[in-house]
Amino acid sequence: FSAAKTATEYLIGLGHRKIAFIGGQFNYSSINDRIHGYREALDEADISVSPALVIEDIAQWSNEGGAEGVYRLYSKQDRPTAILVSSDFLIGGVYRAVRELKLTIPSDVSVISFDDSPLASYLDPPVTSCRQPLLEIGALAARRLVRLITTPPAERRPEKQSVKMPFIVRQSTRRII
């Protein structure tokens, strides 16, 4: 939630008002949190969320899905100046589709993604990203598993924990003001 909000606020700070969101797999709580963070940042900036700029039903969680999202966004009248991509699983396709549409990142559209996979810094241009702190997530999961194993079933309570995702600024965004 907070990482998506931070990323969206960053784009707003660069002057973007038409910020798209490409997502899917909303049965994953992390992806669901990202759309909520995106929406809250726009709401707090008094920017209405245009349904045309939100792609919530990507069919494939892959490069093909990322490309599908871009093609759908650019087939509409209301085109974005920035795209928030919910996962690096989609980012290769996003970059490919932008190139195929004869657009450039960040001159024509700014792009931010999530996960900061090794691919993120090798894209051209390298993508600004919210990094998944995998070691911290693994340590939290291990501690949670130990608690689960050592706690009697009647005493177990549901837990939801969040970790801070560092925001890594690279060359895929630009100021438009």
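Excluded from the calculations below are hydrogen atoms, water molecules and symmetry mates; all remaining heavy atoms, backbone and side chain alike, are included.
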Are any side-chain N or O atoms of [X] and backbone N or O atoms of [Y], one a donor and one an acceptor, separated by less than 3.5 Å?
{"X": "S87", "Y": "F89", "answer": "yes"}
{"X": "S75", "Y": "R72", "answer": "yes"}
{"X": "S172", "Y": "P125", "answer": "no"}
{"X": "D78", "Y": "A52", "answer": "no"}
{"X": "R34", "Y": "S86", "answer": "yes"}
{"X": "D108", "Y": "L103", "answer": "no"}
{"X": "D115", "Y": "D88", "answer": "yes"}
{"X": "R96", "Y": "A67", "answer": "no"}

State, with a plain yes or no, whether a side-chain heavy atom of [X] is found less than 4.5 Å away from one of [Y].
{"X": "T81", "Y": "V109", "value": "no"}
{"X": "V127", "Y": "I112", "value": "no"}
{"X": "V169", "Y": "Y10", "value": "yes"}
{"X": "E100", "Y": "V70", "value": "no"}
{"X": "R147", "Y": "R143", "value": "yes"}
{"X": "Y38", "Y": "I19", "value": "yes"}
{"X": "V49", "Y": "L53", "value": "no"}
{"X": "N63", "Y": "Y95", "value": "no"}

Exercise for review: Evaluate the criterion salt bridge (Lys or Arg N to Asp or Glu O under 4.0 Å) for residue pair R99 and D124; output intermediate values, then yes/no.
Suggested key: CA-CA 11 Å; R99 277 193 313 275; D124 184 24; over 6 Å; no

Least distance between heavy atoms, S113 atom then I91 atom
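In terms of heavy atoms, the two residues are closest at CB-CD1, 3.9 Å.
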
From R175, H16, R174, residue fulfilling side-chain hydrogen bond (donor to acceptor under 3.5 Å, both in side chains) relative to S110: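 One option only clears the test, and that one is H16.
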
Mind running side-chain contact (heavy atoms from CB on, under 4.5 Å) on T8 and F21 for me, showing each step along the way?
CA-CA 10 Å; T8 307; F21 184 90; over 6 Å; no

Please report the interatomic distance CD1(I176) to NZ(K18), rounded to the nearest 0.5 Å.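 Interatomic distance, I176 CD1 to K18 NZ, rounded to 0.5 Å: 9.5 Å.
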
Is I168 linked to V85 within one hydrophobic cluster, defined over Ile, Leu, Val, Met, Phe, Trp and Tyr using a side-chain heavy-atom separation of less than 4.5 Å?
-> no

